[in-house]
Protein chains: 2
Amino acid sequence: MSTLSAVEENYLKYIFQLSEIFENGIVKTNDLAYKLDHSAASVTDMLKKLSEKKLVAYKKYYGVSLTRNGLTIAVQVLRKHRLWETFLVKNLKFTWDKIHEIAEQLEHIQSDELIDRMDQYLGFPKFDPHGDPIPDKAGNISLPNVVCLADAKLKKQYQLANVNDDSAAFLKYLNKIQLKLNDKVKILDKEEFDETIQLLINDKKQLTISNDAAHNMWVRSVKEI
Amino acid sequence: MSTLSAVEENYLKYIFQLSEIFENGIVKTNDLAYKLDHSAASVTDMLKKLSEKKLVAYKKYYGVSLTRNGLTIAVQVLRKHRLWETFLVKNLKFTWDKIHEIAEQLEHIQSDELIDRMDQYLGFPKFDPHGDPIPDKAGNISLPNVVCLADAKLKKQYQLANVNDDSAAFLKYLNKIQLKLNDKVKILDKEEFDETIQLLINDKKQLTISNDAAHNMWVRSVKEI
DNA sequence: TATAATTTTTAGATTAGCCTAAACATTTCT
DNA sequence: AGAAATGTTTAGGCTAATCTAAAAATTATA
Ligand SMILES: [Mn+2]
Ligand SMILES: [Mn+2]
Ligand SMILES: [Mn+2]
Ligand SMILES: [Mn+2]
């Protein structure tokens, strides 16, 4: 159980996040290389190393997935990342576009007691400032019932539940158009040509957003009154 | 101004701390090697590197001292270390013997905004939980007027102002004998043979401590009433 | 299905930060 | 002052984590 390096922890975390995107849960070398902005050769090296440590199941030319041990660690890193982000916004009054980079560093601080005390200090939050679920100490993650705004139904009442947290530019854009978590959103119309979306925000403000932007937002459906 | 590695930051911090011990401010290779628990050869390597970066003035076989730039960085690392320690005790309710190791990691998180907000969140504290002065944003350190308990006068009223923070064992010992910062201490007697010290704590409790222990405590004098 | 394109791995190199052993410089002792 | 002891540097080597270029495997295309 010797502690992992920050680099190894990052690999596990990104394997986990990418594995959730693909149905079979198998992550390809190039996907990781793109995500990490490393060469494919570097990724292959690290996958062999993690495989020897039994943290991933790696098959040459096929792909990689997490073992039970690897998954446990990946989820704990995610827990730390999201608890720190919550602290930065709730207590230190950072805006949500400034926290991801700092949390990328803080998530690798090694101390179980630290993160448990932080969890308690924050009141055991379930979601981080971007609406991402925070795994609990045991590693349980509540699966929010959300749909990507790009795939949501027309004329149906939703609420903004979750935004992609790793693009500061996107979050700044949301700040600018004054769209926040839990705002009510309804798709009034979708342009066929470029899939531009007409939104109604909180029953009053109208807004046009790109399909690209919509791919970075997830919404939960809301009972109509 | 490319950012320094955690290792480089640690070297600068320890050079600063050791330089305060010696009158001339010159730190020797072996002192650093001992402090860092590295070989003298490793230290020489790093000193050459820091010297090339103009962070230290290094003369072969003579010793090393910080340049103006090196000093600025060392003090900022110390500031971060002590602010984090303060947070861990004040907010997360850690005991003072558990925080040093965690702060050794946290002090290397790179974000000026983070540490400035933390400073404000804590109410701009002047001293950390061990009584060490916290440098302000500009790098000013208040010089507390203290004397080492091993060198303090007999029968004079003092107050415990500062304890050595890098030995958890020593801090646990203080917990056990229930000695805390700001407790009143008076030396009743000093044994000639082994320099064992007889202390009076808060005008009531008597305590015998070793010369070794006394070397880890600093006291400020208190006006007698 | 053979060939071309793409993806992935292997081979070999580099840098940071450590090490040990040996050489060299300085200080201390007789 | 000369020898011995001590302190410091140099030489050479190692591991983790990256890279580029070339080779190999897989997938797509004609
Ligand atoms: Mn994040
Ligand atoms: Mn997040
Ligand atoms: Mn440190
Ligand atoms: Mn301290």
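Chain A is the first sequence line, chain B the second, and so forth, proteins listed ahead of strands; every chain is numbered from 1. Below, all heavy atoms of this structure are taken into account, side chains as well, without hydrogens, waters or symmetry copies.
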Does the pair [X]/[Y] count as a salt bridge with the N-to-O cut at 4.0 Å?
X      : Y      : result
B:D119 : B:R79  : yes
B:D97  : B:K176 : no
A:E113 : A:R117 : yes

Among D:dT9, D:dT18, D:dT20, which nucleotide has an atom closest to any side-chain atom of A:D45? D:dT18
Can you confirm whether the side chains of B:W96 and B:N175 place a donor and an acceptor under 3.5 Å from each other? yes
Give a yes-or-no answer on whether the side chains of A:D128 and A:W84 include a donor-acceptor pair shorter than 3.5 Å. no
Under 4.0 Å: is that the gap between some side-chain N or O of B:T44 and OP1 or OP2 of D:dT9? yes
Minimum-distance pair of heavy atoms, taken over all atoms of B:T67 and B:A57: CG2-N, 3.9 Å
Looking at every non-hydrogen atom in both residues, tell me the closest pair between A:G131 and A:N162 and how far apart they are. C-ND2, 3.3 Å
With no hydrogens and no angle check, is any side-chain donor or acceptor of B:Y158 less than 3.5 Å from a backbone partner on B:W218? no
N/O donor-acceptor pair under 3.5 Å between B:T196 side chain and B:S210 backbone: no
Give the rounded distance in Å between these two atoms: CG of A:L47 and P of C:dT7. 17 Å
May I have the distance from A:L50 (atom CG) to D:dT18 (atom P), rounded to whole angstrom? 11 Å
B:K80/B:K13 under side-chain contact (heavy atoms from CB on, under 4.5 Å): CA gap, chis, key distance, verdict: CA-CA 11 Å; B:K80 292 199 272 182; B:K13 183 186 64 172; over 6 Å; no
Residues from residues 53-62 of chain B lying under 4.0 Å of DNA chain D - heavy atoms: B:Y58, B:K60, B:Y61
Pull out every residue in residues 17-39 of chain A that has a heavy atom closer than 4.0 Å to any atom of DNA chain D, ordered by number, or say none. A:D37, A:H38, A:S39
Pick out the pairs of N or O atoms, protein on one side and nucleotides 14-16 of chain D on the other, that lie under 3.5 Å.
none

